[in-house]
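Following: one structure in C-alpha cells, then a few remarks.
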Amino acid sequence: MDHIFEKRKEIVYQLICDKHYVPMKIKEIAIVMQVAKADRPQLEAILEELEAEGKIELTKRGKYKKAERVLLTGTFIGHARGFGFVEIEGRDEDIFIPESGVNGAIHHDTVEVEVLPGRHGKRAEGVITKIMEHEIKTVVGTFEKSKSFGFVVPDNTKLTQDIFIPIERSKGAVNGHKVLVELTGYGSQTKSPEGKVIKILGHINDPGTDILSIVYGYELPLEFPERVLNQAERVAKPVSSADMEGRLDLRELEIVTIDGEDAKDLDDGISLTRDEERGIWKLGVHIADVTNYVQENSALDREALKRGTSVYLVDRVIPMLPHTLSNGMCSLNQGVDRLALSCLMEIDDKGVVVSHRIAETVINVRRRMTYTSVKKILTDHDPKEIREYEDLLPMFEHMEQLSGILRERRRQRGSIDFDFPESKILLDERGRAVEIQPYERNVATKIIEDFMLLANETVAEDYYWQELPFVYRTHDNPDPEKIQQLAVFIANFGYGMKGIRDEIHPKELQKLLARIEDSPEEGLISRLTLRSMKQAKYTVDCTGHFGLAAKYYCHFTSPIRRYPDLQIHRIIKENLRGRMNEERISHYQAILPQVAEQSSKLERRADEAERETDKLKKVEYMQAHIGEIFEGVISGMNSYGFYVELPNTVEGMVHVSNLYDDRYYYDEHSYEMYGVDTGRVYRMGQRVRVRVLEADKFMRTIDFTVVQGEEAENGITDSETDCE
C-alpha cells in the first residue's frame, strides 16, 4: 500500500514540476489526473505531504505550485546526538537539520542549506546541500591506539565522529594521551575524518592536562611569539623624566589600588577628596597608560588584538600582554612612578558629574589595598586593620559615601543590578578541585564597580559629543517577544510588569527584581530576566546600554586586559595631543568596525572557555560526593528533565528517567514537570533534595535524582556544609 502511495506521490509531484503546469486547485488536479471520487482523500494526503516536505506550496488563492527552492548560507552547529542547526546571520531562529540532512557537515562548517519550511508544524527544517568551508582546522581529543592505526575521540561532543589517525602520523601517542590533531581530511556520512597528531598535551590523568585541553580546544594562544616577548622587554623601561614631560604630575595625590589578593595586573587607581565649601567630591580614576608601551601596529599591538582579552581560568591566567608589561611596567604597583591616563571628575551630592578632565598623568600609588582589607575596615570595623591604614581611613569612608550616592542615582534612572552568587574553585597541588567557595560582592567591590562605571560613562559621553571615531560598549533593548514570554511566566508567581507592549524601559525590570528580592523564586526569575536580555558588545555607534540605563558607555578602565580599552586610550591620547586630523579620523573610521567586531567575538570565546573550565572542575569536585544528598533549587527545565542548582553554584540534571516514582511530562507554558499517576509537580524555583548519581568529566555533566520522605529528611550529609 505504501509503495502505491509513494508511486502516486511521485506522479503528482512530476505533474506539478512539468513546465506546462499552471497552478491548480485540488479539484482541477483531480480532473486532470482523472482521480476517482473515492481516491480524493488520498490525493489530499499526497498534496499535504508534499507541502510538509517543502516540495510544493499553496498560493493565497488555494492553488498548488512547485515550491521555490530556498537556499541560505550559514554556520552549522553540531549536536552530540547527530542532528544539528544552521545559524543564519540576521535570522532569529536557527534551521533544524535532522541527522539524515547533515550530509557530512561538521560543527562550525559554513554550509549552504535548503530550507524545508513547516515540517511538524514547528521550526523550519533543512537539508545541507553544500559545504562551503571548514572552519575547524584542529581538534583536541583523547588518543586510542589499535594495532595498525589510532583514532582520537574529540573532547567537543558536537564533533560526533572519531578522527582516524594513521599510525605513522600519531607522534608516538599512547592510549589516554590528550592530543592536538590537525585535520587532513573531513570525511563524509560514511567515512571518518582523518588527521595527524601535532602535539601531545599530556596524559589524561596528568595534573593540568584537562584544562590545557580546553585551552587548545578554544585555540587560546598560550605562548607569546619570541619577537613579542623581545619587544616587551625593550619597551618596559622605568619611567624617566623624558617620559613625564608634558604630563600632569599627580605623584603627591593620595592614590590607592583596590583588587583581589592574587591580582597582579593592577590597571586602575583611585583618589578621592571632599571640597566641603563647594559641596563637591573630587574623584580621580587613574588608569595605566598601556599605549605608551604598546605602539599601534607593533608586534605587541598585533598580538594583543589577536588575543582580544586576558582569559582567567581556574588554574592560570592567559594574559593579553606579556607579564613584563601586564605585571610589570604597566601595573600600578605600590610606591613606584607610573604613567597613567586619568579621568578627574567633580561630582555634586546628587552624583552628577559637574565637570571633568581627561589628562595624561604620572602617578605614584600610596597603598595597594585588597577588597578583603577594605571590607574589614568599613564593614567589620576591625581594630587591627583600622590601625594599619589609619591615615587612609577618611578617604575610605568618603569612598563608601560617594559610592552609595552614585549607586542610588543609577537606581533612580533604572539601572539593573543582577547579584548572582559567584564562586571560586580551589585546587590542590595536583590540580584537582577540592573546595568551592562563594565569592560575595562586598562594600569594596561595589566602590570599585561604581567608580569604574562612572569613569566609563564620563569618557564615552565626552567622545560622543566630540563626534570622533570611538569604540563603545553597547547593550541593545530586549526583543519584545522575549519580554512578553517573561511576563507570562512571572504572572504564574503573581508578578506583573507595565509598559511592555513595545519597548520596555529597564526601570520595569529593575522594579521586578526589587519586588522578588528575598523571595523563594528570586534566583529563578533573575536568571530568566537575564536570559530575556541581549548580550552586550563593542560597536562604533553609541546606541546606549540598556542594562545600565546609560545613554553613553565604553570600556576605558582595563587596557592591560581588554583590547577595546587599549584602542580608545590611543584615540584619547592623539586627541589630547592635537593630532586628531582628517587623516587620523579616516584611519580610525576604517579600522574600528573590525576592532569592535573582533573584540566582541574574542570576549565570547574567553567567556565560553572560562565557563567550560569552571564546569569541568565542578564536575570533578562532585565526583568526590557521589551518593551524597544536597538541597538545591530547580533552575531550569525541558522535556528531558530539570536542572537543580546547589548553594555552591554547582548545577546538575535530574533526568526524567531518574524520576523513579512516576511517568513525568513537561508543560513548556507553565515551566512545570508533572507526574501522570501521583499528580506530583516540579516547578521552576522549587526547593528539592537530590542525591548525586554520577559526575562525568568527559561530558561535563552531573546527574541527580530526587529523594523523598524519610531519606530526604535525614539524608543531608556533612559535606553539604563544605558545598556552601
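The shown structure was predicted, so the numbers you read here are calculated from the model rather than taken from an experiment. Values below: every heavy atom of this structure, side chains too, minus hydrogens, waters and symmetry copies. Position 1 is the first residue of the sequence, and the numbers go up from there.
- To the nearest 0.5 Å, atoms CD1 (Ile416) and CZ (Arg410) are separated by 12.0 Å.
- Side-chain contact between Asp162 and Val152 is absent, with no heavy-atom pair separated by less than 4.5 Å.
- In this structure, Lys537 and Asp476 approach most closely via the heavy-atom pair NZ-OD2, 3.0 Å.
- Glu49 places no side-chain N or O within donor-acceptor distance of the main-chain N or O of Ile46, the cut-off being under 3.5 Å.
- With sequence neighbours excluded, no residue forms a ring pair (Phe, Tyr, Trp, His ring centres under 6.0 Å) with Phe151.
- In terms of heavy-atom proximity, Tyr666 sits nearest to Asn638 at CD2-C, 3.5 Å.
- Annotation: Lys697, atom NZ; neighbour count of heavy atoms from other residues, nucleotides and ligands within 6.0 Å is above 12.
- Between the side chain of Asn175 and the backbone N or O of Lys145, at least one donor-acceptor pair lies under 3.5 Å.
- Residues forming a ring pair (Phe, Tyr, Trp, His ring centres under 6.0 Å) with Tyr186 (at least two apart in sequence, or on another chain): His134.
- Under the 3.5 Å distance criterion, the side-chain polar atoms of Asn103 are matched with a main-chain donor or acceptor of Ile128.
- Judged purely by atom type and a 3.5 angstrom limit, His475 uses its side chain to pair as donor or acceptor with the backbone of Gly547.
- A centroid separation of 6.0 Å or more is found between the aromatic rings of Phe704 and Tyr643.
- Here the side chain of Asp479 pairs no donor or acceptor atom with the backbone of Lys482 at under 3.5 angstrom.
- Between Asp262 and Lys424, at least one side-chain nitrogen of the basic residue sits less than 4.0 Å from a carboxylate oxygen of the acidic one, meeting the salt-bridge criterion.
- Other residues, nucleotides and ligands place no more than 12 heavy atoms under 6.0 Å from the OH atom of Tyr640.
- Comment: Glu608 does not engage Arg605 in a salt bridge, judged by the lack of any side-chain N to carboxylate O separation of less than 4.0 angstrom.
- Of the possible donor and acceptor atoms, one in the side chain of Glu620 sits under 3.5 Å from a partner among the backbone N and O of Ala433.
- Within the 3.5 Å criterion, the main-chain N or O of Tyr682 finds no donor-acceptor partner in the side chain of Glu672.
- More than 12 non-hydrogen atoms from other residues, nucleotides or ligands lie less than 6.0 angstrom from NZ of Lys507.
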- Message: For a side-chain contact (heavy atoms from CB on, under 4.5 Å) check, start with the C-alpha distance between Ile504 and Leu509, then their side-chain angles and the critical distance, and finish with the verdict.
- Response: CA-CA 8 Å; Ile504 189 169; Leu509 296 181; 3.9 Å; yes
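- By the 6.0 Å contact criterion, OH on Tyr665 is open, its count of non-hydrogen atoms from other residues, nucleotides or ligands being 12 or less.
- Side-chain contact between Ile77 and Val86 is absent, with no heavy atoms from C-beta onward closer than 4.5 Å.
- Lys178 has no carboxylate O lying under 4.0 Å from a charged side-chain N of Asp206, or vice versa, which leaves the two without a salt bridge.
- Taking the six-membered ring wherever Trp is involved, the centroid distance between the rings of Phe83 and Phe96 falls below 6.0 Å.
- Residue Glu89 qualifies as open at atom CD: its count of foreign heavy atoms under 6.0 Å is 12 or below.
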- Task: Give the C-alpha distance, both sets of side-chain angles, the deciding distance and a yes or no for ring pair (Phe, Tyr, Trp, His ring centres under 6.0 Å) between Phe164 and Phe149.
- Result: CA-CA 8 Å; Phe164 175 79; Phe149 63 91; 5.3 Å; yes
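- Residues Arg441 and Glu449 are paired through a salt bridge, judged by an N-O separation under 4.0 Å between the basic side chain and the carboxylate.
- Surrounding NZ of Lys191 are at most 12 heavy atoms belonging to other residues, nucleotides or ligands under 6.0 Å away.
- Atom CD1 of Ile88 and atom CD1 of Ile95 lie 4.0 Å apart (nearest 0.5 Å).
- In terms of heavy atoms, Arg689 sits closest to Glu631 at NE-OE2, 3.2 Å.
- Between the side chains of Glu44 and Gln42, no donor-acceptor pair is found at a separation under 3.5 Å.
- Looking at Asn648, its side chain does come within 3.5 Å of a backbone N or O of Val650 through a donor-acceptor pair.
- Tested against Thr613 for a side chain to side chain contact (heavy atoms under 4.5 Å, CB included), the candidates Leu313, Val215, Asp315 yield a single pass: Leu313.
- Side-chain N/O atoms of Thr129 and Glu112 include a donor and acceptor closer than 3.5 Å.
- For the pair Val314 and Asp614, the minimum side-chain heavy-atom distance is below 4.5 Å.
- From Thr142, atom OG1 reaches atom CD1 of Ile204 across 4.0 Å, with rounding to the nearest 0.5 Å.
- Taking all atoms of both residues into account, the shortest heavy-atom contact from Leu512 to Ile490 is CD1-CD1, 3.8 Å.
- Taking the ring pair (Phe, Tyr, Trp, His ring centres under 6.0 Å) definition, one finds that His655 meets it with nothing, sequence neighbours left out.
- Between Asp109 atom CG and Ile106 atom CD1 the span is 5.0 Å, to the nearest 0.5 Å.
- Contact detail for Arg430 and Pro207: the closest heavy-atom pair is O-CB, 3.1 Å.
- Side-chain atoms of Ile136 and Leu159, non-hydrogen and from C-beta on, do get closer than 4.5 Å to each other.
- Note that CD of Gln510 and OG1 of Thr529 are 12.5 Å apart. Values are rounded to the nearest 0.5 Å.
- The closest side-chain donor-acceptor pair between Thr649 and Lys618 falls under 3.5 angstrom.
- Scanning all heavy atoms of the two residues, the minimum distance from Val115 to Ala124 falls at CG1-CB, 4.1 Å.
- Shown are Asp380, Thr445, Asn442; of these, the side-chain hydrogen bond (donor to acceptor under 3.5 Å, both in side chains) with Lys375 is made only by Asp380.
- If you check the side chains of Thr678 and Asp662, you find a donor sitting under 3.5 Å from an acceptor.
- Put simply, CD1 on Ile163 and CZ on Phe143 are 11.5 Å apart, with the number rounded to the nearest 0.5 Å.
- Between Asp417 and Arg411 there is no salt bridge, since none of the side-chain N atoms of the basic residue sits less than 4.0 Å from a carboxylate O of the acidic one.
- Remark: the backbone N or O of Glu135 is not paired with any side-chain donor or acceptor of His108 at under 3.5 angstrom.
- A donor-acceptor contact under 3.5 angstrom links the side chains of Glu651 and Ser635, judged on distance only.
- Remark: the Gln437 side chain and the Ser423 side chain contain no N/O donor-acceptor pair separated by less than 3.5 Å.
- A donor-acceptor pair shorter than 3.5 Å cannot be found between the side chains of His505 and Glu508.
- Side-chain contact between Ile165 and Val181: present, with at least one pair of heavy atoms (C-beta onward) separated by less than 4.5 Å.
- Checking side-chain atoms of Lys617 against main-chain N and O of Gly431 turns up a donor-acceptor pair under 3.5 Å.
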